[in-house]
Amino acid sequence: MSPFSFKKKERVRKRTDFITIYNKGVKQETQHFKIATLPNNLQWSRLGLTVSKKVGKAVQRNYVKRRLREYFRLHKAYLPMSCDIVITSKSGAQKLTYVEMCQELNAILCPDLQMPDRTKG
RNA sequence: GGAGUAGACUAAAUGGUCGCUGGGUCUCUGGUUUGAGAUUCAGAGGAAAGUCCGAGCUCCACAGGGCAGGGUGGUCGCUAACAGCGACUGGGGGUGACCCCAAGGAAAGUGCCACAGAAAACAUACCGCCCCGAGCAUGUCGAGGGGUAAGGGUGAAAAGGUGAGGUAAGAGCUCACCAGUAUCAUGGGUGACCAUGGUAGCUUGGUAAACCCCACCCGGAGCAAGACCAAAUAGGAGAGUGUGAAGAACUUUCUUCUUCGCAGGGUUGCCCGCCCAAAGGCUCUCGGGUAGGUCGCACGAGGCGUUUGGCAACAGGCGUCCCAGCUGAAUGACCAUUGCCUGAUGUCCUUGCAUCAGGAACAGAACUCGGCUUAUUGUCUGCUCCAGCU
RNA sequence: GGAGAGAUGACCGAGCUGGCCGAAGGUGCACGAUUGGAAAUCGUGUGUUCCGUCACAAACGGGACCGAGGGUUCGAAUCCCUCUCUCUCCG
């Protein structure tokens, strides 16, 4: 399997999973995102996304979610292993460029990675 | 050239790297389902939006009819249906192209018409005009009685308009013309209605997006509909089994039947004993059913082309194509090139060409269709008005 | 995705069988009375914006605004249509 793939089993899809990650996970916050992480028993990490209506209309919400998925797909090697990660977007996230978004998330999720990964660009 | 009006089309393209979803084919694992890999094909819209209407479809209800409630409202047609569409009629707006109209009934009945005004609909006449006139101060006097809707002012709206006759003053009281209503005839049109002519009474306020009347239509809820599979836990029903006690059958034991209760965990496997907990035995079956999953779910009032009928909406024939199917929700991220638009600069009389910079809207399927409404990019075409040149 | 309810001054909230409604009432705010001072109480006032009078302000007069835009009507917060926003319910 390619190292940059993103299958269905790598997503958080159940409401009960979201609630346990919210309640028991480690919560951190940046200017435009809230991040909750919780170790799981699987061999891989999973990603869950929440984008409220305050971000914008459906087109802008989908745009934010696609780019967050793209970030997760390309930075899997540097992210913590066997963790459930839930990213909640706050108002204003739709105005960021992709590079600004990567820098903001790297500060919390990839503290070892000083420079943003742009090799795939 | 400017302003406007109607309509049609469009919603950038190609390539690269890394990814997502579905269908087909092949390979591997495997008893099937499934899973993994390879390859190939396909993968948002004109509004997918708002959910304002109308249908299909599903479940529930239902003999038939009526009431209540809701909707529609010029005519003819189209349609599966519609509050939609087309053509036409009538009314209104605009210099015009053209656009807009919930456009039946107020002479079936009820209600309302604030303030102002005499009066807001059965004209009980405020001022005024006119006639009669008690009276006494004898005149520009007028208690009282009567006639009068021509004039005044109020109001959104005041009881047909103009002119003449007529009268005490006036009045459709009479006449002419005009407007309007009802009705009849003839002609045209499927019809709404139109044209022409006659007759009548002389004239009838507005409001039905107030109640209402008339004609026609409507059962309710919605894919989170609904159907199927179904873990764990708890609870329900039934069957079987073990064991204790009591009772009955029996002289007693055994055995059988009935009723009631119990069966747990730990201490090394078993027994005794001890400790903890306590009235929930154990096993199986059944049905309901939650989480979750599968179906519903994409071949359809389908698209494209062509032809016939029709002014058109649309309908029929023939040919051809299969064209998203997600579910914490795929259809993408980044980059390059070309094209488009705008601005600046250079060349040129302009069109155009070159360079640089910037821009590319509204917006994301969620069971599926037909409409409406709203948001919005660019281009083209027809027509109208104004200005200029020849 | 589907179904439903609502929007009125700074805030809450009546008015929704059309007219006397820029709009009751309460909270808040300002001023005054009371007090040595405050609280409480009592009284008065208090929306925004545009135009005019005026050198400005104040005051006075007029117009518009009941989420936004149209329509019906002589007249709309109220009736009808379209849009915007907020909230609730259905797993």
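Note that the structure is a prediction, hence the values are computed from the model and not measured. Per chain, numbering begins at 1; letters A, B, ... match sequence-line order.
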K.L.:
Using purine N1 to pyrimidine N3 plus N6-O4 or O6-N4 for Watson-Crick, or N1-O2 and O6-N3 for G-U wobble, both under 3.5 Å, which nucleotide pairs with B:U203?
P.N.:
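Pair assignment: B:U203 / B:A179.
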
K.L.:
Please give the distance between the P atoms of B:G206 and B:A159 as a whole number of Å.
P.N.:
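Straight-line distance between the two P atoms is 13 Å.
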
K.L.:
Syn if the chi torsion is within 90° of 0, anti otherwise; quick check, which is B:A44?
P.N.:
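Syn.
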
K.L.:
Mind checking the C1' distance from B:U79 to B:A87? Whole angstroms is fine.
P.N.:
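Looking at atom C1' only, B:U79 and B:A87 are 16 Å apart.
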
K.L.:
Kindly confirm whether the side-chain ring of A:Y98 is stacked on the base of B:A333, judged by centres under 5.5 Å and planes under 30°.
P.N.:
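A:Y98 vs B:A333: stacking no.
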
K.L.:
Calculate the interatomic distance between A:F72 atom CZ and B:C20 atom P; express it in whole Å.
P.N.:
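From A:F72 CZ to B:C20 P: 13 Å.
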
K.L.:
Could you tell me how far B:U58 sits from B:G296 if I compare only their C1' atoms? Round to whole Å.
P.N.:
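Roughly 9 Å separates the two C1' atoms.
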
K.L.:
Using the P atom as the reference point in each nucleotide, state the distance between B:C334 and B:U25 in Å, no decimals.
P.N.:
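Going atom to atom, P in each nucleotide, I get 37 Å.
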
K.L.:
Starting at atom CZ of A:R69, determine the distance to atom C1' of B:A333, rounded to an integer number of angstrom.
P.N.:
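From A:R69 CZ to B:A333 C1': 12 Å.
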
K.L.:
Rounding to an integer number of Å, can you tell me how far A:Y63 OH sits from B:A329 C1'?
P.N.:
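Distance, rounded to whole Å: 20 Å.
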
K.L.:
Can you tell me how far C1' of B:C20 sits from OH of A:Y71, to the nearest Å?
P.N.:
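To the nearest whole Å, that distance equals 20 Å.
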
K.L.:
Has A:S82 got a side-chain atom pairing as donor or acceptor with A:P39's backbone, closer than 3.5 angstrom?
P.N.:
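Not confirmed, A:S82 side chain does not pair with A:P39 backbone.
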
K.L.:
What's the base orientation of B:G172: syn (chi within 90° of 0) or anti?
P.N.:
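For B:G172, whose glycosidic angle is within 90° of 0, the conformation is syn.
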
K.L.:
To the side chain of A:F18, which of B:G328, B:A363, B:A329 is closest?
P.N.:
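Shortest atom-to-atom distance from the side chain points to B:G328.
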
K.L.:
Look through every strand shown and name the nucleotide pairing with B:A366 as Watson-Crick or G-U wobble, where both distances are under 3.5 Å.
P.N.:
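None - no nucleotide pairs with B:A366, as no candidate has both distances under 3.5 Å.
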
K.L.:
Rounded at 0.5 Å granularity, tell me how far OH in A:Y71 sits from CG in A:L105.
P.N.:
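Rounded to the nearest 0.5 Å, the OH-CG separation comes to 5.0 Å.
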
K.L.:
Name the residue closer to the 5' end of RNA chain B, choosing between A:V51 and A:K57 according to the nucleotide with the nearest heavy atom.
P.N.:
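Here A:V51 is the residue nearer the 5' end.
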
K.L.:
Within this structure, what is the OG1-CG distance for the pair A:T30 and A:N106, rounded to the nearest 0.5 Å?
P.N.:
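The CG atom of A:N106 is 11.5 Å from OG1 of A:T30, to the nearest 0.5 Å.
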
K.L.:
Could I get a table of every N or O pair under 3.5 Å where one atom is in the protein and the other is in nucleotides 43-47 of chain B?
P.N.:
none

K.L.:
Check whether A:V26 and A:Y78 end up in the same hydrophobic cluster, where Ile, Leu, Val, Met, Phe, Trp and Tyr are linked by side-chain heavy atoms less than 4.5 Å apart.
P.N.:
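No.
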
K.L.:
Ignoring backbone atoms, establish whether A:R73 has a side-chain N or O less than 4.0 Å from OP1 or OP2 of B:U17.
P.N.:
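No, because none of the side-chain N or O atoms of A:R73 sits under 4.0 Å from OP1 or OP2 of B:U17.
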
K.L.:
So does A:R61 get a side-chain nitrogen or oxygen closer than 4.0 Å to the phosphate oxygens (OP1/OP2) of B:A329?
P.N.:
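Answer no for this pair, as no side-chain N or O of A:R61 is under 4.0 Å from OP1 or OP2.
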
K.L.:
Rounded to the nearest Å, what distance is computed from the CG atom of residue A:L49 to the C1' atom of nucleotide B:C20?
P.N.:
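Going from CG in A:L49 over to C1' in B:C20 covers 14 Å.
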
K.L.:
Let me confirm one number: the NZ-CD distance from A:K34 to A:E29, rounded to the nearest 0.5 Å.
P.N.:
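Going from the NZ atom of A:K34 to the CD atom of A:E29 covers 5.5 Å.
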
K.L.:
Taking B:G74 as the reference, what is the distance to B:A363 when you measure between their C1' atoms (whole Å, please)?
P.N.:
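Their C1' atoms lie roughly 41 Å apart.
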
K.L.:
Contact class for A:V12 (heavy atom, under 4.0 Å): base, sugar-phosphate, or nothing?
P.N.:
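Counting heavy atoms under 4.0 Å across all strands, the contact made by A:V12 is with sugar-phosphate only.
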
K.L.:
Taking syn as any angle within 90 degrees of 0 and anti as the rest, which one fits B:C323?
P.N.:
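Here B:C323 takes the syn form, which means its glycosidic angle is within 90° of 0.
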
K.L.:
Write down the distance separating the C1' atoms in C:G75 and C:C56, rounded off to the nearest Å.
P.N.:
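My reading of the C1' atoms in C:G75 and C:C56 gives 40 Å.
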
K.L.:
Is there a Watson-Crick or G-U wobble partner for B:U186 with both distances under 3.5 Å, and which nucleotide is it?
P.N.:
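Checking every strand shown, B:U186 finds its partner in B:A195, with both distances under 3.5 Å.
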
K.L.:
Show every side-chain hydrogen bond (donor to acceptor under 3.5 Å, both in side chains) that has at least one partner inside residues 55-65 of chain A, sequence neighbours left out.
P.N.:
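The answer is A:Y63-A:R67.
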
K.L.:
Verify the contact: side-chain N or O of A:R11 to OP1 or OP2 of B:A330, cut-off strictly under 4.0 Å; return yes or no.
P.N.:
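The answer is no; no side-chain N or O of A:R11 sits under 4.0 Å from OP1 or OP2.
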
K.L.:
Is B:A298 in the syn or the anti form, by the rule that syn lies within 90° of 0?
P.N.:
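Syn.
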
K.L.:
With sequence neighbours left out, write down each residue that passes side-chain hydrogen bond (donor to acceptor under 3.5 Å, both in side chains) with A:R46, or none if nothing qualifies.
P.N.:
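Counting only residues at least two positions away or on another chain, A:R46 forms a side-chain hydrogen bond (donor to acceptor under 3.5 Å, both in side chains) with A:D84.
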
K.L.:
Please classify the glycosidic conformation of C:G22 as syn (within 90° of 0) or anti (everything else).
P.N.:
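That one's anti.
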
K.L.:
Quantified in whole Å, what is the C1' atom distance between nucleotide B:C76 and nucleotide B:U89?
P.N.:
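Their C1' atoms lie roughly 10 Å apart.
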
K.L.:
Scan every strand shown for a Watson-Crick or G-U wobble partner of B:G226, both distances under 3.5 Å, and answer none if you come up empty.
P.N.:
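Pairing partner, where one exists within any strand: B:C295.
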
K.L.:
Following the transitive rule for hydrophobic clusters with a side-chain heavy-atom cut-off under 4.5 Å over Ile, Leu, Val, Met, Phe, Trp and Tyr, establish whether A:V12 and A:L49 coincide in one cluster.
P.N.:
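They do not share one cluster, since no chain of ILVMFWY contacts under 4.5 Å joins A:V12 to A:L49.
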
K.L.:
What is the separation between atom CD on A:E10 and atom P on B:A330, rounded to the nearest whole Å?
P.N.:
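To the nearest whole Å, that distance equals 16 Å.
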
K.L.:
Paired with C:G6 by Watson-Crick or G-U wobble geometry, both distances under 3.5 Å: which nucleotide is it?
P.N.:
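Looking at the geometry, C:G6 pairs with C:C85.
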
K.L.:
For the pair made of CE in A:M101 and P in B:A333, what is the distance, rounded to whole Å?
P.N.:
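From A:M101 CE to B:A333 P: 11 Å.
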
K.L.:
CZ of A:F6 versus P of B:A329: gap in Å, rounded?
P.N.:
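Checked: the CZ to P distance equals 7 Å.
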
K.L.:
Between B:C18, B:A363, B:A329, spot the one nearest the side chain of A:E70, thanks.
P.N.:
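Side chain of A:E70 sits closest to B:C18.
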
K.L.:
For the C1' atoms, the ones on B:A361 and on B:U10, what distance do you get once it is rounded to whole angstrom?
P.N.:
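So the two C1' atoms sit 13 Å from each other.
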
K.L.:
Supply the atom-to-atom distance A:F6 CZ to A:E70 CD, rounded to the nearest 0.5 angstrom.
P.N.:
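Between atom CZ of A:F6 and atom CD of A:E70 there are 10.0 Å.
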
K.L.:
With both distances kept under 3.5 Å, what pairs with B:A48, Watson-Crick or G-U wobble?
P.N.:
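Partner of B:A48: none found under 3.5 Å.
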
K.L.:
Can you tell me the Watson-Crick or wobble partner of B:A245, both distances under 3.5 angstrom?
P.N.:
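B:A245 is paired, partner B:U259.
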
K.L.:
Once rounded to the nearest 0.5 Å, what's the spacing between atom OG1 of A:T50 and atom CZ of A:F33?
P.N.:
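The CZ atom of A:F33 is 12.5 Å from OG1 of A:T50, to the nearest 0.5 Å.
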
K.L.:
Looking at CD1 of A:I35 and CD1 of A:I21, how far apart are the two atoms once the value is rounded to the nearest 0.5 Å?
P.N.:
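Reported to 0.5 Å precision, the distance equals 13.5 Å.
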
K.L.:
Which nucleotide, if any, forms a Watson-Crick or G-U wobble pair with B:C254, using both distances under 3.5 Å?
P.N.:
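No nucleotide pairs with B:C254.
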
K.L.:
Reading RNA chain B from 5' onward, which residue's closest nucleotide shows up sooner: A:V86 or A:Q60?
P.N.:
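The 5'-side residue here is A:V86.
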
